[in-house]
Amino acid sequence: MLTIDKKYSKLESVLFDHYVANKNDLNSSCQPGVSDEREKAFNFFKETGLPVNKDEKWRNSLLPKHYGQSYTFDTSPVIYDKAAGEIFDCVIHGYSAHILPMLNGWYYSSSKESMQILEDGVIAGSILTAQKEYPELFEKHFGKIADFQKDGFTATNTALFRDGVFIYVPDNVIVKNAIQLLMMVNRDDRLLMNSRNLIILGKNSKLDFMHCDDSINHDSSFINTLTEIYLDENASLDLYKLQNINDETTLLNNTFIYQEKDSRSKVAVLTLNGGKIRNEIDVDLHGEGAESDLNGIYLMDKKQHVDNQVFVRHSVPNCYSNELFKGVLDDEASAIFNGHIYVAKDAQKTNAFQRNNNILMTPEASIDTMPFLEIYADDVKCSHGATVGQLDEDAMFYMMQRGISKQDARLLLMYAFASEVTSKISIDPLRISVEDMIKRRLRGELSICEKCVLHCSVPDKPIEFEIDMSKI
Amino acid sequence: MLLNIKDLHVSINGKEILKGFNLGVNKGEVHAIMGPNGTGKSTLAAAITGREGYEITQGEIEYKGKDIEDLSPDERANEGIFLSFQYPVEIPGVSMTNFMRTAINAQREYRGEESIPAGEFLKKMEEKKNLVDIHSKLTKRSVNEGFSGGEKKKNEIFQMAMLEPMLAILDETDSGLDIDALKVVARGVNALRSDENAFVIITHYQRLLDYIEPDFVHVMWDGRIVKSGGKRLALELEEKGYDWVKELY
């Protein structure tokens, strides 16, 4: 079926063939504008293919080494005879979020209600429905924040996406409870899915958004997710990415954030488990006074691989960005951190900071950390730092001398290491839940949860080394 | 005898530091070990507490009548051996409260006891904090993080008071302390002294012994004890200096 000479890998051929064979089907539910984007993105992919290790930002990525694998696609949603709440049994203990369920790349709604208007005119639901029902909002931002020419994966996501979520928060609306996107896969036939999300926050609005990627089974799948986020003036977004997928799954999670004047984004990437995960966060601080606080924790073991690619563009003066990514790598796990800060020529008075700290538990674990500052303005404050180390032996002995076992001392130190990131989570029930999960993860009790990542919010036995003074 | 060290030889990286060290400590006694820098005082503390890298090549450490060579540092701690560190370690992210509770519960578990109830724990914290003049703010902070030199040493004594050891080793607890902090530390130790426990106080100077009265004073030189005596020995040392000891050797 291939019509041009380029030598494609198996994965590239699969993506190529799928588009050619399903073009009409893909476009049948889309507005003409989207179809045009798909075609352009596909043509770009046709020329460039998928990224390879020679590409600067893919240098040590393990993903290209697995392009020889084949995957299947899902061309129509399966609706179970169950309410979403029964399938997505994921709650944060003591907290009620508005849940947007996605199953195998499709927005899941048994009641056919693929779009809801929540309190204060907040719109949340399927992106497919949104492009039909809210064409103006949709067209204003879709494809404008993420550039499909970034690489073959953003291109194929644009060309092949089936569904995803759409959220619109009107001007001046403070959304009380978080909106939680639950991405699940329950297929056992090597599903490859492309999902696409668009989140728009109006002026002076505020939203807490959780993006959970989770596995229900232990089967292999490939998830390519792309999220575009637009923050209008003085809007504020807290974005939590919770990743707890199985060891066989590859997850590509691309997030593009475009920020107007005085807007704020706070991102926490919490990677607890997964075969191969690549998180790309691309923030464009485009209005003066915009701020972005980007944090991440990754806890990997076995042969797991995680790659955090963070790009912050300071386009205008007087913006602030801060990055803090920390990781614990055990066994033969490998990680990459690439923090790229770009300060445009006239973006004076920029404050941009970056730090990446890692603990390697074994000689076989590896981290490749690459801070990259590209600064074209002269009146800026920028810093970066990276550390790679083992657990502090002096601290270990100090704790053991007080009677704490070696294992518990290790756990306490690792947990303390992670807490610098988790303590920044401002939704208390979520923070407690994440901290519990991290403890369980560090104890080896949490590989993948049976259901949602947040299933672990109520631990079946109390965590010994925690005492909350405020609750006594 | 609570602690009986017999002909102890300890090496670090193949270099012998302790060269035939002998010491017997009974319950209810306070022993001071003095000596110039580099004579093996801290090595002794490390060997008793089981620090990795300190190899016993000859002799033994008997505690409660048993050789403790095979016990891990945490087991020794749970058997009642406590070390007040010369350089207390900062542990960012671990609050003092969590740390203490974990330690106490580890000790209780070792003895086959239930975990300490929250109320009882907090009451004990309050009581012991007062003993060593520790501000409440400190126990809410991470272990030793941002503590001044004096606060770190007081914190060691606070932990000792919380854990109620049978054998407490104070390694240069007086170094870097001003006179007020020194008095507080001494008050803590004196309050904990009983017929059921013992103290080994490692110090360079006689100063601390003005406030904690030892039953025995030992002078170390080149990896062993070269002279033992009563509390007057400390004064004599202060007067004559350590050169006098070298002559004894």
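Below, each value reflects all heavy atoms present in this structure, side chains not excepted, and no hydrogens, waters or symmetry copies. By convention in this document, chain letters (A, B, ...) are assigned in the order of the sequence lines, proteins followed by strands, and residues within each chain are numbered from 1.
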- Message: What I'd like to find out is whether the side chain of A/I404 reaches to under 4.5 Å of the side chain of B/F99, using heavy atoms alone.
- Response: yes
- Query: Do you know the tightest heavy-atom contact between A/A416 and B/P92?
  - Reply: CB-O, 3.3 Å
- Message: Heavy-atom cut-off 4.5 Å, strictly under: side chain, backbone, both or neither for A/Q401 against chain B?
- Response: both
- Query: Which residue out of B/M162, B/E52, B/Q159, B/Q107 racks up the most heavy-atom pairs below 4.5 Å with chain A?
  - Reply: B/Q159
- Considering only heavy atoms, which portion of A/S419 lies under 4.5 Å from any heavy atom of chain B: side chain, backbone, both, or neither? side chain
- For residues A/R402 and B/E156, report the shortest heavy-atom separation together with the two atoms involved. NH2-OE1, 2.7 Å
- With a 4.5 angstrom heavy-atom cut-off, which part of B/R76 approaches chain A: side chain, backbone, both or neither? neither
- Item | Taking every non-hydrogen atom, the tightest pair across B/A106 and A/G403 | CB-O, 3.2 Å
- Note on the structure: Residues A/F397 and B/T49: closest non-hydrogen pair is CZ-OG1, 3.4 Å
- Cationic N near anionic O, under 4.0 Å, A/K406 to B/E75: no
- Item | B/Y87 versus A/D394, side-chain donor and acceptor atoms under 3.5 Å | no
- Looking only at B/P73, B/P88, B/P165, the option with the highest number of non-hydrogen pairs under 4.5 Å against chain A is B/P73
- Note on the structure: On a heavy-atom basis, the closest approach of B/I91 and A/A395 is CG1-CB, 4.2 Å
- Sort B/L83 into side chain, backbone, both or neither according to what part of it lies under 4.5 angstrom from a heavy atom of chain A. both
